[in-house]
Amino acid sequence: MKITFYGHATFGIQIKDINILVDPFITGNEKASEIDIETLKADYILVTHAHQDHILDVEAIAKRTGAVIVSNYEIVTHFQNKDLEGHPMNHGGSWDFEFGNVKYVNAIHTSSFPDGSYGGQPGGFIIEGEHKTIYIAGDTALTMDMKLIPMQTKLDLAILPIGDNFTMGIDDAIIASDFIDCDKILGCHYDTFGYIEIDHEEAKRKFYDKGKDLMLLEIGANMEL
């Protein structure tokens with residue numbers, strides 16, 4: 001499993017020969033200006049919620065690649081009405097895709113499209129591949145529901161928001177890592193704009209002091225599990 005960071009909360013995940021894109025927000029992110037969305041591969045696009053900083057480039061990429069959009073019912077219906085292919089899910093449900101099992105889990109946040117229309121309830125994803133399992137929390141507060149995750153699966157990596165103000169901050173993300181029983185954390189949803197700027201070294205130190213590893217990838221960089 002290869003994971004590439006495209007800025008903010010956007011990731012590319014490659015499982016064997018399948019390419020998954022998560023929450024594509026690139027053309028509106030000045031920090032990701034070197035990323036060309038026309039070059040991105042996508043067989044599936046996973047969307048955690050409907051805010052613009054998570055869906056901005058969904059339509060353009062899906063039209064070019066024919067990717068299947070996986071999200072809640074309302075978001076998938078929104079894009080199906082634009083003649084794009086989608087697979088609707090809802091909280092607690094799971095589905096076996098060609099690359100592995102995906103479960104849509106709870107998140108505490110809001111979810112509306114840029115025009116203010118209803119975007120369904122926000123969520124996160126647990127992706128269980130053949131060899132590795134990851135948790136993509138989406139935009140969320142710390143929630144007790146996270147404690148349910150290790151009761152069913154052992155995580156190899158968790159992608160958690162750490163920018164504070166709109167989501168969890170560093171201290172709550174550390175508690176979240178305890179709840180999900182995963183000490184290997186990949187941070188997201190930080191530094192994109194003023195409200196969510198963080199001190200990288202302080203964030204890493206706080207995780208390290210708790211015996212955990214916080215990874216903050218440069219935009220365009222990748223890691224392998």
Side-chain angles (χ1 to χ4, degrees), residues 1 3 8-11 13 20 22-23 25 44-51 53-55 69-77 87-97 99-113 118-129 132-190 196 198 203 206-207 210-215 225:
M1 186 182 291
I3 302 172
H8 196 53
T10 307
F11 292 90
I13 302 172
I20 304 161
V22 181
D23 285 352
F25 171 72
Y44 295 87
I45 300 175
L46 272 56
V47 180
T48 61
H49 64 293
H51 286 162
D53 60 329
H54 294 257
I55 69 161
I69 299 164
V70 181
S71 190
N72 66 36
Y73 178 82
E74 288 80 8
I75 290 173
V76 168
T77 299
H87 180 104
M89 301 189 74
N90 217 320
H91 300 88
S94 62
W95 187 264
D96 288 325
F97 292 91
F99 57 85
N101 183 269
V102 173
K103 185 170 186 176
Y104 191 63
V105 296
N106 287 347
I108 296 180
H109 196 60
T110 56
S111 178
S112 56
F113 289 99
Y118 180 56
Q121 295 298 307
F125 296 100
I126 296 172
I127 303 175
E128 188 171 354
K132 300 293 182 180
T133 300
I134 66 171
Y135 168 45
I136 302 167
D139 284 11
T140 187
L142 177 66
T143 167
M144 294 292 285
D145 289 333
M146 294 173 177
K147 287 192 171 188
L148 297 173
I149 293 173
M151 296 175 66
Q152 295 181 308
T153 187
K154 175 63 178 174
L155 297 174
D156 296 290
L157 177 74
I159 299 176
L160 302 181
I162 56 172
D164 215 342
N165 195 72
F166 296 113
T167 68
M168 295 186 293
I170 298 298
D171 294 336
D172 280 359
I174 291 172
I175 297 172
S177 70
D178 287 334
F179 283 5
I180 61 178
D181 193 20
C182 182
D183 294 334
K184 194 169 187 177
I185 305 300
L186 182 55
C188 71
H189 210 278
Y190 63 92
I196 59 174
I198 67 168
K206 284 188 172 184
F207 271 83
K210 296 294 185 180
K212 303 172 187 294
D213 182 18
L214 174 65
M215 293 166 286
L225 283 179

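Numbers here are sequence positions counted from 1.
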Apply side-chain contact (heavy atoms from CB on, under 4.5 Å) to residues Ser112 and His51 and explain how you reach the verdict. CA-CA 6 Å; Ser112 56; His51 286 162; 4.0 Å; yes

Please step through side-chain contact (heavy atoms from CB on, under 4.5 Å) for the pair Val76 and Met89, ending with a clear verdict. CA-CA 9 Å; Val76 168; Met89 301 189 74; over 6 Å; no

Sequence-distant partners of Asp213, salt bridge (charged side-chain N to carboxylate O under 4.0 Å, His left out), two or more places apart: none

Check: [Y] main-chain N/O paired with [X] side-chain donor or acceptor under 3.5 Å:
X      : Y      : answer
Asp53  : Phe25  : no
Asp23  : Thr48  : yes
Thr140 : Ile108 : yes
Ser177 : Ile174 : yes

Please give me the minimum heavy-atom distance between Ile75 and Gly119, naming the atom from each residue.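 In this case the closest contact between Ile75 and Gly119 is CG1-O, 3.6 Å.
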
Closest non-hydrogen contact found for Met146 with Ala141 is CE-O, 3.7 Å

Working to the nearest 0.5 angstrom, can you tell me the gap between [X] [atom1] and [Y] [atom2]?
X      : Y      : atom1 : atom2 : answer
Thr153 : Lys103 : OG1   : NZ    : 9.5 Å
Thr77  : Ile69  : OG1   : CD1   : 11.0 Å
Leu157 : Ile136 : CG    : CD1   : 9.0 Å
Phe11  : Ile20  : CZ    : CD1   : 13.5 Å
Ser71  : Phe125 : OG    : CZ    : 5.0 Å
Asn101 : Asp96  : CG    : CG    : 4.5 Å

Heavy atoms, side chains only, cut-off 4.5 Å: are [X] and [Y] in contact?
X      : Y      : result
Leu46  : Ile13  : no
Ile170 : Phe207 : yes
Val105 : Asp145 : no
Tyr135 : Leu160 : yes
Ile198 : Asp164 : no
Ile126 : Thr133 : yes
Thr143 : Asn106 : no

Basic-acidic side-chain contact under 4.0 Å: Asp178, Lys212: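 The answer is yes: the pair qualifies as a salt bridge.
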
Run the salt-bridge test on Lys184 and Asp156 with the 4.0 Å N-O cut-off and return the result as yes or no. no

Run through Ile159, Ile196, Ile162 and flag the one making a side chain to side chain contact (heavy atoms under 4.5 Å, CB included) with His189.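 Among the candidates, only Ile196 passes.
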
Does Asp183 form a salt bridge (charged side-chain N to carboxylate O under 4.0 Å, His left out) with Lys210? I'd like the steps, not just the answer. CA-CA 9 Å; Asp183 294 334; Lys210 296 294 185 180; over 6 Å; no

Does atom OH of Tyr73 have more than 12 heavy-atom neighbours, drawn from other residues, nucleotides or ligands, at distances under 6.0 Å?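 For Tyr73, atom OH is not crowded (no more than 12 foreign heavy atoms under 6.0 Å).
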
Indicate whether the side chain of Asp139 and that of His54 have a donor and an acceptor atom separated by less than 3.5 Å. yes

Donor-acceptor side-chain pairing of Thr110 and His49 below 3.5 angstrom: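 No, His49 and Thr110 have no side-chain donor paired with an acceptor closer than 3.5 Å.
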
Could you check whether the rings of Tyr44 and Phe97 sit parallel, tilted or perpendicular, using 30° and 60° as the cut-offs? perpendicular

